[in-house]
Amino acid sequence: MANSSSKSLRILYAAGPGNVIGTYKYWVNGQDDPSQVCVTYSGQFYDMCRTLNAEAYIISSFRQKEFLRDGQFTIEHRPVKFKNASGILYHLNQLWYGIGLIFSALMWKANVAVVNEGTTHWFILSILPYLGVKVIPSLHCTLWRKYIPLTSTEKLISRLNRHFFARGCTAILAASTDISKQVQECAGSQSRPIFEFLPLYRRSVFDGIASPNEQHLPFIVLFIGRIEPCKGVFDLLKIAQRFLSEGRQDIKFEICGKGSALEALRFAAKQSKVDSFFVCQGYCHQPKMREMLGRAHVVIVPTTTAFIEGFCQVVAEGILAARPVVTSSVIPALSYVSNAVVEVQPDDVEGYGDALLKLCSDRKFYEQKRQACLQVQEQFYDISKSWGTALKSVLKTVI
């Protein structure tokens, strides 16, 4: 590999569950994927490959099987069988998918494999360097839940992953300092080099979003994310019920996203008689999301300690729209934007409600947080801090 040139660089990229073919069709026409607010990681990957003149085989676990070959890019949607499996079947699924990636890397003669977390267990990939393929893991979530002790199975997997993070990969891409700390702990403080990155956004997406109208009621609280219990959506429902009992129907909740609990949440809101000011919008593409951010006064991220988080891009999106964010230290993004955030103790439902009431009633406090948003925005527009730049830096060390 030491004598290779950029023209011989062949990268297998295991991209996770995204619609990478859909993104490619926009990218090849010079456009960002409008289904996402941020610049997609696959879009950044295509840019990087074009810059380095690298050939790439991109494999996604997107639900619809599809295959596309175009010039230097081979792109495949390879769905995961038994996607919602748990227990031993989940781990067998991870093993089988990882073996498939190893086989693809060897058959395609890749010399580098960039693998997103969640694709397979990391220790499975430890064989690749012995077969001439350098591995670069890309971690977008922490290795384990921050505030919950590891289960016996998680401890075993962590021990099995130790060699991979210490000696079995070329370098590690990490979406936050929380992830970096866990990697170091897993590797016994002797991990391979870690390159941290931030989500990347276009200014044009947020240009024109007006400052919130402080005199306009209701006071709108925006949630963006998957509709699952671990994301705190039912905690928000409890807050709405509290506000109803206190006669605070001047505060409205807009819930954007889809997930397995969406219909249950809608039904529960109706049963609780809060559905007039607790509205589930479903999934919102970029134009709709701009509209929702423009209407909102604050963004809330009440993710519970049961969820494994890595950064949480919704925090950055609230900040870029100059909307104060209410969240807890479960969210690694907090340390990057703390002055613009109202921090609540993890899983403290009453604390989240109190924070919203303070932002709604204390205009001076609200404006302080909104101004703080403006002071921390630039890092998310800085391409030098992006995933694509971090990956390019790593690849230049192996070219």
Side-chain angles (χ1 to χ4, degrees), residues 37 206 208-229 231-259 261-304 312 314-315 317-328 340-342 344 348-370 373:
V37 179
F206 296 91
I209 294 181
S211 298
N213 184 346
E214 295 184 21
Q215 305 305 316
H216 179 68
L217 292 177
F219 184 85
I220 295 178
V221 179
L222 179 63
F223 170 90
I224 305 168
R226 281 170 33 207
I227 311 302
E228 306 289 348
K231 299 292 278 184
V233 290
F234 288 96
D235 291 343
L236 292 182
L237 182 60
K238 290 178 183 177
I239 297 169
Q241 291 167 344
R242 167 191 165 182
F243 289 173
L244 176 63
S245 69
E246 296 175 356
R248 293 303 304 264
Q249 295 181 55
D250 56 325
I251 301 176
K252 180 179 180 180
F253 294 83
E254 298 273 14
I255 312 298
C256 296
K258 62 180 181 179
L262 177 58
E263 292 309 315
L265 184 65
R266 280 178 170 153
F267 180 77
K270 188 172 183 179
Q271 289 292 101
S272 302
K273 302 187 187 308
V274 299
D275 52 313
S276 62
F277 60 94
F278 190 94
V279 181
C280 296
Q281 298 284 351
Y283 185 80
C284 300
H285 285 260
Q286 189 188 107
K288 180 67 173 179
M289 194 59 66
R290 270 181 55 92
E291 178 189 337
M292 300 305 298
L293 286 165
R295 284 169 26 189
H297 290 83
V298 301
V299 171
I300 192 165
V301 186
T303 306
T304 72
C312 190
V314 172
V315 173
E317 289 155 15
I319 297 299
L320 291 173
R323 267 55 181 180
V325 177
V326 180
T327 192
S328 77
V341 169
V342 181
V344 177
D348 183 358
V349 179
E350 185 175 359
Y352 277 110
D354 292 345
L356 293 176
L357 290 173
K358 183 172 178 61
L359 285 164
C360 181
S361 60
D362 188 338
R363 294 301 179 183
K364 182 177 179 181
F365 178 70
Y366 177 86
E367 186 59 21
Q368 286 175 346
K369 291 297 180 181
R370 197 185 73 80
C373 291

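Along the sequence shown, the residues carry numbers beginning at 1.
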Colleague: Any side-chain heavy-atom pair from Val299 and Phe223 closer than 4.5 angstrom?
Modeller: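 Sidechains of Phe223 and Val299: no contact.
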Colleague: Just wondering, do Val298 and Leu222 contact through their side chains at under 4.5 Å, heavy atoms?
Modeller: no
Colleague: Apply side chain to side chain contact (heavy atoms under 4.5 Å, CB included) to the pair Val221 and Ile251, showing each step before the final yes or no.
Modeller: CA-CA 7 Å; Val221 179; Ile251 301 176; 3.8 Å; yes
Colleague: Looking only at heavy atoms, what is the nearest atom pair of Leu359 and Pro324, with distance?
Modeller: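 Looking at all heavy atoms of both residues, the closest pair is CD2-CB, 4.4 Å.
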Colleague: Which heavy atom of Ala355 sits nearest to which heavy atom of Val326, and what is that distance?
Modeller: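 The answer is CB-CG1, 3.8 Å.
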Colleague: Measure the SG-CD distance between Cys256 and Gln281 for me, rounded to the nearest 0.5 Å.
Modeller: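 Interatomic distance, Cys256 SG to Gln281 CD, rounded to 0.5 Å: 5.5 Å.
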Colleague: Just checking Glu350: does its CD atom have more than 12 heavy atoms from other residues, nucleotides or ligands closer to it than 6.0 angstrom?
Modeller: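 No, CD of Glu350 has 12 or fewer neighbouring heavy atoms, counting only those of other groups under 6.0 Å.
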Colleague: Where do Cys373 and Ala322 come nearest, in terms of heavy atoms and distance?
Modeller: CB-CA, 3.8 Å
Colleague: Does the side chain of Tyr366 come within less than 4.5 Å of Pro212's, by heavy atoms?
Modeller: yes
Colleague: Is any NZ, NE, NH1 or NH2 atom of the basic residue among Lys364 and Glu367 found under 4.0 Å from an Asp or Glu carboxylate oxygen of the other?
Modeller: no
Colleague: Please say whether the positively charged group of Lys252, taken as NZ for Lys or CZ for Arg, lies over the ring of Phe277, i.e. under 6.0 angstrom from the six-membered ring centre and within 45 degrees of the axis.
Modeller: no
Colleague: Tell me whether the count of non-hydrogen atoms from other residues, nucleotides or ligands lying under 6.0 Å of CZ in Phe267 goes above 12.
Modeller: no
Colleague: What is the distance from atom CD1 of Ile209 to atom CD of Glu317, rounded to the nearest 0.5 Å?
Modeller: 10.0 Å
Colleague: For salt bridge (charged side-chain N to carboxylate O under 4.0 Å, His left out), just list the numbers for Lys273 and Asp275, CA-CA rounded to whole Å, side-chain angles, deciding distance to a tenth of an Å, and then say yes or no.
Modeller: CA-CA 6 Å; Lys273 302 187 187 308; Asp275 52 313; over 6 Å; no
Colleague: Check whether any side-chain heavy atom of Phe278 sits under 4.5 Å from a side-chain heavy atom of Gln241, and report yes or no.
Modeller: no
Colleague: Does the side chain of Leu357 reach to within under 4.5 Å of the side chain of Arg242, using non-hydrogen atoms?
Modeller: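 Answer yes - side chains close enough.
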Colleague: Are the side chains of Tyr283 and Ile224 in contact, using a 4.5 Å heavy-atom criterion?
Modeller: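 The answer is no; the side chains never approach within 4.5 Å.
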Colleague: Looking at Leu356 and Phe219, what are the two nearest heavy atoms and their distance?
Modeller: O-CE2, 4.2 Å
Colleague: Check whether any side-chain heavy atom of Cys280 sits under 4.5 Å from a side-chain heavy atom of Leu262, and report yes or no.
Modeller: yes
Colleague: Atom CG in Leu265, atom NZ in Lys270: separation rounded to 0.5 Å?
Modeller: 14.0 Å
Colleague: Could you report the tightest heavy-atom contact between Ser211 and Arg370, atom names first, then the distance?
Modeller: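 For Ser211 and Arg370, the tightest heavy-atom pair comes out as OG-NH1, 3.4 Å.
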Colleague: Could you work out, with side chain to side chain contact (heavy atoms under 4.5 Å, CB included) as the rule, every residue matching Thr303, not counting sequence neighbours?
Modeller: Lys231, Val301, Phe307, Glu309, Val330, Ile331
Colleague: Work out which heavy atom in Ser272 is nearest to a heavy atom in Leu244; give both atom names and the distance.
Modeller: O-CD2, 3.7 Å
Colleague: With sequence neighbours left out, what residues match Asp362 under side-chain hydrogen bond (donor to acceptor under 3.5 Å, both in side chains)?
Modeller: Lys358
Colleague: Please assess Val341 against Thr327 for the test side chain to side chain contact (heavy atoms under 4.5 Å, CB included), listing each intermediate value before the final yes or no.
Modeller: CA-CA 7 Å; Val341 169; Thr327 192; 3.7 Å; yes
Colleague: Test side chain to side chain contact (heavy atoms under 4.5 Å, CB included) on Phe253 and Val274; report intermediate values, then the result.
Modeller: CA-CA 10 Å; Phe253 294 83; Val274 299; over 6 Å; no
Colleague: Begin from the C-alpha positions of Val325 and Ile300 and carry the test side chain to side chain contact (heavy atoms under 4.5 Å, CB included) through to its verdict.
Modeller: CA-CA 6 Å; Val325 177; Ile300 192 165; over 6 Å; no
Colleague: Without swapping roles, check the side chain of His297 against the backbone of Ile220 for a donor-acceptor pair under 3.5 Å.
Modeller: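 At least one qualifying donor-acceptor pair exists.
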Colleague: So Val233 and Pro302, do their side chains get closer than 4.5 Å, heavy atoms only?
Modeller: no
Colleague: Please check this pair: side chain of Arg323 against backbone of Ala296, looking for a donor-acceptor N/O pair closer than 3.5 Å.
Modeller: yes
Colleague: From the options Leu236, Ile239, Val342, select the one residue that forms a side-chain contact (heavy atoms from CB on, under 4.5 Å) with Tyr352.
Modeller: Ile239
